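Just so it is clear, the structure is predicted and the values come from calculations on it, not from any experiment. Chain identifiers are assigned alphabetically (A, B, ...) following the order of the sequence lines, protein sequences preceding nucleic acid strands; residue numbering begins at 1 within each chain.
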2 protein chains.
Amino acid sequence: MKNSSAERSQDQDTWPPAQNKRQAILNAAADIFAEEGFAGASIDAIAVRAGVSRQTIYNQLGDKDNLFKVVVTEITERSTAGFFRVLDTFPVAPQDLEKELTEFSARLLRKAMCDPNGRWLRKLVETEGTRFPKLFETWKEYGPGKKYPAVAARLAQLALAGYLDLDDPALAARQYMALLGADLRIDQQLGRQTPESEIDQMAANATRTFLRAFARRH
Amino acid sequence: MKNSSAERSQDQDTWPPAQNKRQAILNAAADIFAEEGFAGASIDAIAVRAGVSRQTIYNQLGDKDNLFKVVVTEITERSTAGFFRVLDTFPVAPQDLEKELTEFSARLLRKAMCDPNGRWLRKLVETEGTRFPKLFETWKEYGPGKKYPAVAARLAQLALAGYLDLDDPALAARQYMALLGADLRIDQQLGRQTPESEIDQMAANATRTFLRAFARRH
DNA sequence: AATATTTTGGACACAATTGTCCAATTCGTC
DNA sequence: GACGAATTGGACAATTGTGTCCAAAATATT
């Protein structure tokens with residue numbers, strides 16, 4: 001938990017110095033907001049974790065509301081970008097459907113659903129959604145609003161190609177995602193961070209059940 | 001949202017007057033904690049919503065930490081009690097499996113997963129789990145720790161009776177619950193409260209997919 | 001090496017909140 | 001109607017957090 005900022009950061013040394021500190025602030029803010037919620041997060045705590053003076057935060061990012069806004073916006077962008085990057089590897093014309101869909105599921109779990117950005121966002125949406133209505137309208141638009149239809153489209157493609165037997169691709173997409181997230185959510189609720197080693201098993205379980213329900217039978 | 005305490009309350013008039021106010025406080029506290037998080041919830045706000053003076057809260061329930069503890073404990077008890085009450089109606093020897101399992105799923109959705117208590121708890125666990133470790137250990141013990149095995153046991157019973165084809169009842173239980181919660185979660189994340197009229201459809205969808213995957217074929 | 005920019009830390013006013021005390025008041029009960 | 005208990009509202013100190021100002025120090029730029 002203390003190094004989740006490290007997971008979120010990327011080659012800081014190559015950035016201009018100002019941006020470097022800015023990133024440190026945003027990462028620290030993301031952590032603290034996630035841990036304490038909006039009301040519980042103090043600017044001082046963020047400053048300490050970022051290794052920066054409190055004044056620098058006000059200089060670079062203005063007041064608390066704006067800091068929160070910037071953080072959410074950045075994480076949203078990274079998160080959805082990551083999701084669609086994985087979605088581009090969806091097996092549209094697989095030779096071994098179960099094998100390739102399982103591998104895809106594992107990628108999705110690892111890079112989109114497990115990753116700290118996405119989890120952090122989901123948590124914040126649940127807690128602060130009512131406080132920043134405008135902010136979360138755009139999140140909804142770019143989050144579930146775009147993700148589920150995109151998954152549904154891929155599944156419909158598989159159905160059309162004769163791999164699957166679907167009468168409602170949108171429903172299938174929701175159920176596929178739900179199956180993928182089944183074990184993940186339980187771990188999260190139990191405060192347990194899913195070990196890397198179990199992800200393949202989770203992907204296999206979800207995919208197997210999904211295909212048992214929807215794979216075209218010959 | 002303003003009347004979610006009403007949903008949680010039950011025939012207050014029949015209670016002794018002191019307990020009556022106590023319940024009003026607990027209901028209001030549940031709402032405010034859920035909306036604002038622990039840090040963001042002010043005793044004053046709770047007092048106002050409960051229609052009670054701030055002092056009365058301190059008289060009856062002590063400080064903020066204890067108030068929170070009592071609220072979580074009460075909701076936990078109500079929530080798990082409700083869950084197991086529904087679970088007792090599980091169709092162990094159904095004539096029409098899909099029909100009866102669908103009806104059971106609808107009951108579970110309505111009375112256990114949709115209900116404000118459960119949702120409130122899940123939210124609080126995500127946000128304040130780290131702040132009250134002991135409290136949430138007991139929650140985990142009586143929440144997921146007991147619910148999933150109980151569901152697994154019922155499914156195993158169905159499998160043994162020849163209705164289902166399961167090699168891992170525990171996994172099947174997690175997936176069944178995940179399928180049930182699929183649409184629910186999306187609604188929640190979108191800040192949309194699931195309309196009563198859609199619950200039957202959600203139960204039917206989840207049950208149908210579950211049985212497509214696990215019903216024994218003849 | 002000189003200059004411009006950013007960062008720092010400390011001081012400050014202001015607002016919100018917690019938890020306590022207490023006298024006045026309301027309420028249920030006899 | 002009178003008694004006792006609970007409730008109320010207001011005042012209070014202590015704490016915490018926000019956001020600003022500013023001069024000194026560190027850092028980048030030329």
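Under 4.0 angstrom from either OP1 or OP2 of C:dT6 there lies no side-chain N or O belonging to A:Q60. Contact annotation: A:K21 does not reach the phosphate of D:dA28 (side-chain N/O to OP1 or OP2, under 4.0 Å).
Ion pair B:R192/B:E198 flagged as a salt bridge, since at least one NZ, NE, NH1 or NH2 atom sits closer than 4.0 Å to an Asp/Glu carboxylate oxygen. Ionic pairing of A:R122 and A:E126 is not present here: no N-O contact between side-chain nitrogen and carboxylate oxygen is shorter than 4.0 angstrom.
Heavy-atom distances under 4.0 Å link DNA chain C to B:R54, B:Q55, B:Y58 of residues 50-58 of chain B, given in residue order.
Counting to the nearest Å, the P atom of D:dG19 and the NZ atom of A:K64 are 8 Å from each other. Straight-line distance from the CG atom of A:L67 to the P atom of D:dG17: 16 Å, rounded to whole Å. The nearest whole Å value for the distance from the CD1 atom in A:I25 to the P atom in C:dT8 is 8 Å. Rounded to an integer number of Å, the gap from CD1 of A:I46 to P of D:dG17 is 12 Å. Rounded to whole angstrom, the span from the CG atom of A:D65 across to the C1' atom of D:dG17 amounts to 14 Å. Between A:N66 atom CG and D:dT20 atom P the separation is 12 Å, expressed in whole Å. Between the CZ atom of A:R22 and the C1' atom of C:dT7 there is a distance of 16 Å, given to the nearest Å. As a whole-Å value, the separation of A:I43 CD1 from C:dC14 P is 20 Å.
Distances from the side chain of A:D63 to the nucleotides C:dT8, C:dT17, D:dG19 place D:dG19 closest.
In this structure B:Y58 satisfies the ring-ring contact (aromatic ring centres under 6.0 Å, His included) test with no other residue, sequence neighbours excluded. Take A:Q189 and apply the side chain to side chain donor-acceptor pair (under 3.5 Å) test, not counting sequence neighbours, and it matches no residue.
Five base pairs at each end of the helix from C:dA1-D:dT30 to C:dC30-D:dG1 define two local axes, and these are offset by 40° (rounded to 10°).
Between A:F38 and A:F68, the two ring planes are perpendicular [angle over 60°; tilted spans 30° to 60°].
Counted by atom type alone, B:S53 and B:T56 present one or more donor-acceptor pairs between their side chains at under 3.5 Å.
Side-chain N or O atoms of A:N27 include one that pairs as donor or acceptor with a backbone N or O of A:Q23 at under 3.5 Å.
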Acceptor/donor pairs from residues 175-182 of chain A side chains to any protein atom, 3.5 angstrom cut, sequence neighbours excluded:
{"from": "A:Q175", "atom 1": "OE1", "to": "B:T209", "atom 2": "OG1", "distance (Å)": "2.5"}
{"from": "A:Q175", "atom 1": "NE2", "to": "B:N205", "atom 2": "O", "distance (Å)": "3.2"}
{"from": "A:Q175", "atom 1": "NE2", "to": "B:T209", "atom 2": "OG1", "distance (Å)": "3.1"}
{"from": "A:Y176", "atom 1": "OH", "to": "A:S105", "atom 2": "OG", "distance (Å)": "2.7"}

N/O donor to acceptor pairs below 3.5 angstrom from side-chain atoms of residues 131-155 of chain A, sequence neighbours left out:
{"from": "A:R131", "atom 1": "NE", "to": "A:E128", "atom 2": "OE1", "distance (Å)": "2.9"}
{"from": "A:R131", "atom 1": "NH1", "to": "B:E36", "atom 2": "OE1", "distance (Å)": "3.3"}
{"from": "A:R131", "atom 1": "NH2", "to": "A:E128", "atom 2": "OE1", "distance (Å)": "2.8"}
{"from": "A:T138", "atom 1": "OG1", "to": "A:L135", "atom 2": "O", "distance (Å)": "2.7"}
{"from": "A:K140", "atom 1": "NZ", "to": "B:L190", "atom 2": "O", "distance (Å)": "3.4"}

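Residue contacts shown for B:A41 are limited to sugar-phosphate atoms, with no base heavy atom under 4.0 Å away.
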